[in-house]
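Index from 1, following the sequence. Only a predicted model underlies this, so the values are computations on that prediction, with no experimental measurement involved.
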Amino acid sequence: MKIYYINRDQSTVRQDWMESQLSQLANDKIHYVRISAVEGAILSEAEINAVTDYDKGTTRKLSANEVG
């Protein structure tokens, strides 16, 4: 089984905490992988629009952080 967790590159304390917690659970059957998070607040409007599709009946727009 693989566990994925999302973490900002700048959040090294959180990364250390997550890996400490996950290593307590991990064994030869459970592996974890860190995925680098995108800082939503710095995305341009064009970048946000490129990954969202509001024509499919979505009731509200996602915030920049939600897209990130």
Side-chain angles (χ1 to χ4, degrees):
M1 171 190 276
K2 255 189 191 173
I3 296 172
Y4 296 91
Y5 75 97
I6 301 170
N7 174 247
R8 290 178 40 217
D9 292 339
Q10 301 87 340
S11 299
T12 56
V13 171
R14 181 174 183 272
Q15 179 180 352
D16 292 343
W17 182 84
M18 288 294 297
E19 292 187 0
S20 168
Q21 298 298 304
L22 289 166
S23 67
Q24 292 178 28
L25 300 172
N27 56 40
D28 55 344
K29 295 182 182 178
I30 299 175
H31 304 279
Y32 57 89
V33 176
R34 177 185 171 273
I35 298 172
S36 182
V38 173
E39 184 70 40
I42 64 170
L43 294 174
S44 70
E45 190 72 26
E47 289 171 315
I48 292 170
N49 290 337
V51 297
T52 55
D53 187 358
Y54 296 115
D55 297 332
K56 304 257 186 212
T58 305
T59 58
R60 70 173 180 85
K61 282 194 158 194
L62 297 174
S63 72
N65 286 331
E66 289 172 320
V67 171

Gln10 side, atom CD; Glu39 side, atom CD - distance, nearest 0.5 Å:
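So the CD of Gln10 and the CD of Glu39 are separated by 6.0 Å.
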
Using every non-hydrogen atom in the two residues, find where [X] and [Y] come nearest and quote the distance to one decimal.
X	Y	value
Gln15	Asn7	CB-OD1, 3.3 Å
Glu47	Ile42	OE1-O, 4.2 Å
Ala64	Leu43	O-CD1, 4.2 Å
Ile6	Ala37	CG2-CB, 3.5 Å

Return the set of residues passing side-chain hydrogen bond (donor to acceptor under 3.5 Å, both in side chains) with Tyr5 (not counting sequence neighbours), or none when no residue passes.
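By the side-chain hydrogen bond (donor to acceptor under 3.5 Å, both in side chains) rule, Tyr5 matches Glu19.
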
Ile48 side chain reached by Glu66 side chain, heavy atoms, under 4.5 Å
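When only atoms from C-beta onward are counted, Ile48 and Glu66 do not touch, as no gap falls below 4.5 Å.
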
Is it true that, when you exclude Ile3 itself, more than 12 heavy atoms of the residues, nucleotides or ligands shown sit nearer than 6.0 Å to its CD1?
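Atom CD1 in Ile3 is crowded, with more than 12 foreign heavy atoms closer than 6.0 Å.
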
